[in-house]
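Here is the structure we will look at.
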Amino acid sequence: MSLWFLLALMTAVAIFAVLWPLGRATPSQGGRESAVYKDQLTEVDRDVAAGLIPQSEGEAARVEIGRRLLAAADAETDPQTTPRLGLRRTVAIIALVGMPLMAGGLYLHLGSPALPDMPLASRATAPVATASLDQLVGRVQTHLEKNPTDGRGWSVLAPVLERLGRFDDAAQAYRNAIKYDGDTAARRAGLGESLVSVANGVVTADAKAEFDRAVALDAKEAKARYFLGLAAEQDGNRTQAASIWQPLLADAPPDAPWRPVVAAALARVGAAKVPALSDDTIASAQNMSEADRTTMIRGMVDRLATRLKQNGDDVEGWLRLVRAYKVLNDPEKSRTARDDARRALGQNEAGLRQLNEGLKAMGIDG
Amino acid sequence: MIAEAGHYALVLALALALIQSTVPVIGARLRDPALMNVARSTALAQLLFVGLSFLALVTLHVTSDFSVANVYENSHSLKPLIYKITGVWGNHEGSMLLWVSILALFGGMVAAFGNNLPLSLRSLALAVQAWVSTAFYLFILITSNPFLRLANAPIEGRDLNPVLQDPGLAIHPPMLYLGYVGFSISFSFAVAALIEGRIDAAWARWVRPWTLMAWIFLTLGIAMGSYWAYYELGWGGWWFWDPVENASLMPWLAGTALLHSAVVMEKRNALKVWTILLAILTFSLSLLGTFLVRSGVLTSVHAFATDPTRGVFILLILCLFIGGSLSLYAWRASALKQGGLFAPISREGSLVLNNLLLTTACATVFIGTLYPLGLEVLTGERISVGAPFFNLTFAPLFVPLLLAVPFGPLLAWKRGDLLGAGQRLFAAGGVALVTIAVLWAWTRGGSAFAPLAIGLAVFVIAGALTDLAERCMLFRVPLSIAFRRARGLPRASWGTVFAHAGVGVALIGIVCESTWNTELITTLKPNDVAKVAGYELKLDNLAQRQGPNFAELLAHFTVSEGGKTIGVMTPSKRNFTTRAASTTEAALMSRGVSQLYISLGDASANGGIAVRIYHKPMVLLIWFGPVLMAFGGLLSLSDRRLRVGAPKPAKASRSLQPAE
């Protein structure tokens, strides 16, 4: 049965409901008021007979009801009906034409007849190959909600969520995987990466702690080491960053897909001496002129500055920015950044204190 | 197809309501029976289509069709089946659809069972009913459409508010709506009578069952809601004078007054104009309640959504119907013939007193609820009117009302004898005084009002029993005859006895609970023992457990009294991942009509957990009372006999009571 057939059927029933009473030869008349009073009279008689009302009171009640009965009967004698055939026809036409038009018009305006029903049961059995990644993730999540202690499930789900850009969920998934299926370096590193993604690429203290833990579990964990280097770089400590990344690249198997990333990072911090120069990309990064490299770093700093302009509560971020300008030999911008930081932190006294201490440590007047 | 068919059915219902709201009025004006009869068939067809629409939404929720926005926002595929169904009205759009479904149900019932009604009254009443439905269909279709679709169906829904995932949701809203919306029938009849310009005892006869039905449902609905709040919110309170609760209490008070004044009208053809006004006011207060809850003016667990256009739309409906009906009343009421006369001290007089006190009580609740809102709108100042205000205003009005309750049924119609009634209540008063004295001696200390209030409650109950004894002439005729007379009494008289006794029973519960309630708030570690009101509660262990769509922390208590174990209680705290929300599931243990109540707080760092333990004496009576009242109403509803108030002749013997 198609949708349109069903809607047409319903419309027909509605039209019939209006037309039916109009076409009946002898319409029902309904009850009469006098009937109620007549019933009341018999009621009084019965009560008196049963001894519930004494004779005298029953008599008084009968007189009262009789008066009402007479009045009601008088009112009912005047002519009751005057059929108006013309009007009935008008109503019939309205029902036949107006009602479908009105209902149809309003429905087409509000409804979406083209959309089929999508009950969950029919969607969940769709073949896996055609199911979208979102649906697969949804199914795994449903499974995990029922079995929240399935650590393996969480560890499978976590990288997928990270790839889908659902960083908060990914971080939570990694935490659950660690909680229910054991602490591994890869999971800690993954958790740290999610936290970095949540923070728009900034290696926060929390994320750094996770990478430290990962390295403690497995000193060879590449992802954690890369991000520890990045943390050092973001703190303005380029030599330390280079000292982390150089051995990482040295250890790397020749076919590791992340080699170019590390090599580019090394080039960025200006550690020109890169071992294993076979890779073309590294070569090109190394060949990058000093000016290009500075442009790249300036780009990163500018991104940080923009982010801080939107969210000024990040004391560490401000310190990193001030330090970056200092390293880039731009004392004027460094001072501007300091003033901006003070203004942004305005009400946040603890933050201000931390900022001043940080500035003092950097050798900038507090 | 189901979603779209449901949507179209709702649109068709609107089209039918438009015809039903105009054609019968023209028919009644021109005295054309065929046109008038259109009201009947369209009302039935409307019920059919709204019913289909509601069924469609239920089906969509049950099959978790997340291509429907309403299902996506309020359901979850893992919810147990019962909450998938109750979730249909656990949200704004669905609950409005339930509202109109019940409206259509009552309209359909009048159309189907209203054979004894005069044709013009029936068609006019159904037309007025259709005006109300039209307004609400438009409201639903334009501002809160439950059938809107999502082109890209999400794979999982957002779940229902966890507080609402409770069997209470299955009963409370439908009951309450049956009550609220049921009063629309008496409203429609009142407006129809005003349009016709004719009103009489027969009118009251026809309206009585509808009003009574609505009142029964509202009574049960409020009691149910109160019990739900008591065990689900975890505070052990059962009435908060929350504006939303007040919104349901106001129609109840007005409806109770209406019920009593309609009795006077039916039996004695008096108080006609006043009854019409009460019928209008009661439904207006129901509409006001809907407005307060649905517009987002108040934020509470009941206000599922806030959206200014909805508020403005409902306010418009409110102004239209309340303003319109009251204007009509002002215009036509003077044309209505005044009814019979009666002396101040008579059954009629006592019912007028009842009406005065009930409507004044309703007015105080009205002021207490709306004054803060008005003040906020006008000056921006936020104040809250809470229990102290209502205790100071509501209670003084209810004390004289309860004192008068036993006198009413004992007074004769037209001219009564207060002294005679007083003499017959002598025993009831005596019982009450003895109760007060005993309680005073027994408790000593505590609130001085408590024994007095309980005495009052006992007086109400004993008064109701006195009425019964008088009617069947207990102790004055042989027991067998008294028994036969009791069986011969109209069921409506039994209904009165039960309903009035129910008020007393509820009062006992309220006073005991609020006076002798024991409360202990503490932090317990496993194997700690807490002592409350003679009971020892030992926390055995704390355990985590996984429910269908939540994880819960379950505490296991062993309860013992005087060293003897009497049972276990397992309160819990549930965490719902999808909504990132938690609920407390209190554990209750009934000892007679008293209850022990445990609810969990937060876990502390050292492995302990905060618990609130209450001992609530007689607390179950608070809800048992309304159930008794509703049972009385049901008895009265089942009494299909006609009501005649036989007047007392001027020179009468005082030997017997007139029957109902």
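This structure is a prediction, so every number in the text was calculated from the model and none was measured. Quick note on labels: first sequence line is chain A, next is B, and so on, each numbered from 1.
At a 4.5 Å heavy-atom cutoff, the contact between Ala9(B) and chain A is made by backbone and side-chain atoms alike. Using a 4.5 Å cut-off between heavy atoms, Phe16(A) does not touch chain B at all. Heavy atoms closer than 4.5 Å to chain A are found in the side chain of Leu148(B), but not in its backbone. Heavy atoms closer than 4.5 Å to chain B are found in the side chain of Val91(A), but not in its backbone. The part of Ile19(B) that comes within reach of chain A is its side chain, from C-beta onward, which places non-hydrogen atoms under 4.5 angstrom from that chain. For Leu48(B), the part lying under 4.5 angstrom from a heavy atom of chain A is the side chain only. Contact of Leu10(B) with chain A is not made at all, since no heavy-atom distance falls under 4.5 Å. Both the backbone and the side chain of Val38(B) come within less than 4.5 Å of a heavy atom of chain A. Proximity to chain A (any heavy atom under 4.5 Å) is restricted, for Trp206(B), to the side chain, taken from C-beta onward. Neither the backbone nor the side chain of Thr149(A) comes within contact range of chain B; no heavy atoms are under 4.5 Å apart. In this structure, chain A has heavy atoms under 4.5 Å from both the backbone and the side chain of Tyr8(B).
In this structure, the side chain of Glu4(B) does not engage the main chain of Leu115(A) through any donor-acceptor pair within 3.5 Å. A donor-acceptor pair under 3.5 Å links the side-chain atoms of Arg149(B) to the main chain of Pro116(A), judged by distance alone. Counting only distance, with no hydrogens or angles, the side chain of Asp65(B) and the backbone of Asp117(A) share no donor-acceptor pair below 3.5 Å.
Residue Met10(A) comes nearest to Ala5(B) through the heavy atom pair CE-O, 3.5 Å, listed as atom of the first residue, atom of the second, then distance. Between Tyr37(A) and Ala202(B), the shortest heavy-atom distance links the atoms OH-N, 3.7 Å. Nearest heavy atoms, Ala34(B) versus Pro21(A): CB-O, 3.8 Å. Considering every non-hydrogen atom in both Arg268(B) and Glu64(A), the closest pair reads NH1-OE1, 2.6 Å.
How far CD1 of Ile94(A) is from OG1 of Thr22(B): 7.5 Å, rounded to the nearest 0.5 Å. Rounding to the nearest 0.5 angstrom, the gap separating the OG atom in Ser64(B) from the CE atom in Met118(A) is 14.0 Å. Between the OG atom in Ser75(B) and the CG atom in Leu120(A) there is a gap of 9.5 Å [rounded to 0.5 Å].
In terms of heavy-atom pairs under 4.5 Å with chain A, the best-connected choice from Ile142(B), Ile2(B), Val23(B) is Ile2(B). By number of non-hydrogen pairs under 4.5 angstrom with chain B, the leading residue of Gly98(A), Pro100(A), Gly111(A) is Gly111(A).
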Working for side-chain contact (heavy atoms from CB on, under 4.5 Å), residues Gln40(A) and Arg205(B): CA-CA 10 Å; Gln40(A) 277 193 339; Arg205(B) 152 92 184 126; 5.9 Å; no

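Contact annotation: the side chain of Asp32(B) never approaches that of Leu87(A) to less than 4.5 Å [non-hydrogen atoms, C-beta and beyond]. Side-chain contact between Val13(A) and Phe49(B): present, with at least one pair of heavy atoms (C-beta onward) separated by less than 4.5 Å. Between Leu141(B) and Leu106(A), some side-chain heavy-atom pair lies under the 4.5 Å cut-off. Side-chain atoms of Met99(A) and Leu18(B), non-hydrogen and from C-beta on, never get closer than 4.5 Å to each other. Using a 4.5 Å cut-off on side-chain heavy atoms (C-beta onward), His7(B) and Tyr107(A) make contact.
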